[in-house]
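Since the model is a prediction, treat every value here as computed from it, not as a measurement. Each ligand, and each atom within it, is numbered from 1 in the order the structure gives.
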Amino acid sequence: MTLHDARPLPVVSLQQASKRFGKGPGAISALESITTDIYDGEFIALCGPSGSGKSTLLNLMAGIDYPTGGHVYLLGNDLATLDDTRSARLRADAIGFVFQFFNLLPVLSVFDNVYYPMMLNGFSRRVAHDQVMEMIEKVGLTAHYKRPPTALSGGQQQRVAIARALVKRPRLIVADEPTGNLDTRTGQEIIDLLLSMNQELKTTFVISTHSHQLRDCARRVLEIEDGKLKNDVHHL
Ligand SMILES: Nc1ncnc2c1ncn2[C@@H]1O[C@H](COP(=O)(O)OP(=O)(O)OP(=O)(O)O)[C@@H](O)[C@H]1O
Ligand SMILES: [Mg+2]
């Protein structure tokens, strides 16, 4: 990049990123030479058959795992070359993760599940209170903030997980099949919530999915097959 290059810095940039699991003849090539840039504010569906490499790709983007070839840059930083402390801090500040099975802490209330990432950052419950409650309101759960997630429906639990992922206002949310465990109607409500958070907070979303609903709502669709990027389609 030169000084005169006016393009913004991608949130995440993959440069010929590959991932192999294992060594020798039994190794599995999960991703092969993926090159793509993801920019601020995008809403991207990551599609492809089971085993095509979607989760592996999301894990590389989020720095949960490292490529065995090529590079992954988060806000211009090659995560593999940062020391563990700097990499962990950069990831914790820049990225939120949403999972298929919600991954909430069942013994904590909705409030404390959403507060949890802020607690890890050293914020007291009192200082974090308004920010946590604001996020709980955005996902429509104000009436339930004292309840444990076990007392909520699947769709409501995923809303808690989304509030938890967004509470520190990360640049990027990586979501691995967030509607995969929900019925069609609840899934659509979650998609609508993610779209509205993308518009309101300008958060970037990369969402793996088997759902046509989600694919149809996305402004950009990345399609992978056998670990290779097959298609990168932008819709207006
Ligand atoms: N930890 C691992 N060890 C060995 N192989 C793995 C590991 N994780 C993934 N794989 C393999 O890598 C390939 C891609 O897996 P991945 O989970 O990324 O696919 P996916 O597109 O997310 O599938 P699904 O739609 O079923 O979630 C598969 O062949 C899988 O078996
Ligand atoms: Mg997967």
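Judged by distance alone, the side chains of Ser87 and Asp84 never bring a donor and an acceptor atom under 3.5 Å apart. His144 and Arg147 form a side-chain donor-acceptor contact under 3.5 Å, judged by distance and modelled atom types alone. Residues Asp176 and Ser208 bring a donor and an acceptor atom of their side chains to less than 3.5 Å of each other. With hydrogens and angles left out, the side-chain atoms of Ser29 and Glu32 include a donor and acceptor closer than 3.5 Å.
At a 4.0 Å cut-off, at least one heavy atom of His210 sits close enough to ligand 1 to count as contact.
Of the N or O atoms in Ile28, none lie within a sub-3.5 Å distance of an N or O in ligand 1. Where the criterion is an N or O separation shorter than 3.5 Å, residue side chain and backbone included, Gly53 meets it with respect to ligand 1.
Contact annotation for atom 21 (O) of ligand 1: protein present (non-hydrogen atoms, distance under 4.0 Å). For atom 30 (C) of ligand 1, no protein heavy-atom neighbour is present inside the 4.0 Å cut-off.
In this structure, Lys19 pairs ionically with Asp65, as a charged nitrogen and a carboxylate oxygen lie closer than 4.0 Å. Between Glu42 and Lys202, no side-chain nitrogen of the basic residue sits less than 4.0 Å from a carboxylate oxygen of the acidic one, so the salt-bridge criterion is not met.
With contacts defined as side-chain heavy-atom distances shorter than 4.5 Å, the pair Asn113/Tyr115 does not qualify.
The protein heavy-atom contact nearest to atom 17 (O) of ligand 1 is Ser55 CB, 3.8 Å. Looking only at heavy atoms of the protein, atom 9 (C) of ligand 1 is closest to Phe21 CE1, 3.5 Å. Of all protein heavy atoms, the one closest to atom 18 (O) of ligand 1 is Thr56 OG1, 2.6 Å. Protein heavy atom at the shortest distance from atom 26 (O) of ligand 1 is Ser50 OG, 2.5 Å. The nearest heavy-atom contact from the protein to atom 23 (O) of ligand 1 is Gly51 N, 2.8 Å.
Here the rule is side-chain contact (heavy atoms from CB on, under 4.5 Å) with Leu31, and of Asp226, Thr56, Asn59, Leu229 only Thr56 fits it. Tested against Met135 for a side-chain contact (heavy atoms from CB on, under 4.5 Å), the candidates Ile162, Leu141, Leu201 yield a single pass: Leu201.
Every atom of ligand 1 with a heavy atom of Pro49 under 4.0 Å away is listed here by number and element: 21 (O). The ligand atoms of ligand 1 that sit less than 4.0 angstrom from a heavy atom of Ala30 are 12 (O), 13 (C). If you number the atoms of ligand 1 from 1 as listed, the ones under 4.0 Å from a heavy atom of Glu177 come out as 24 (P), 25 (O), 27 (O).
Of the heavy atoms in Ser208, none comes closer than 4.0 Å to ligand 1.
Taking hydrophobic clusters as Ile, Leu, Val, Met, Phe, Trp and Tyr residues chained together by side-chain heavy-atom distances below 4.5 Å, Val160 shares a cluster with Met119.
Taking backbone and side-chain atoms together, Thr56 has no N/O/S atom less than 2.8 Å away from the Mg ion (ligand 2).
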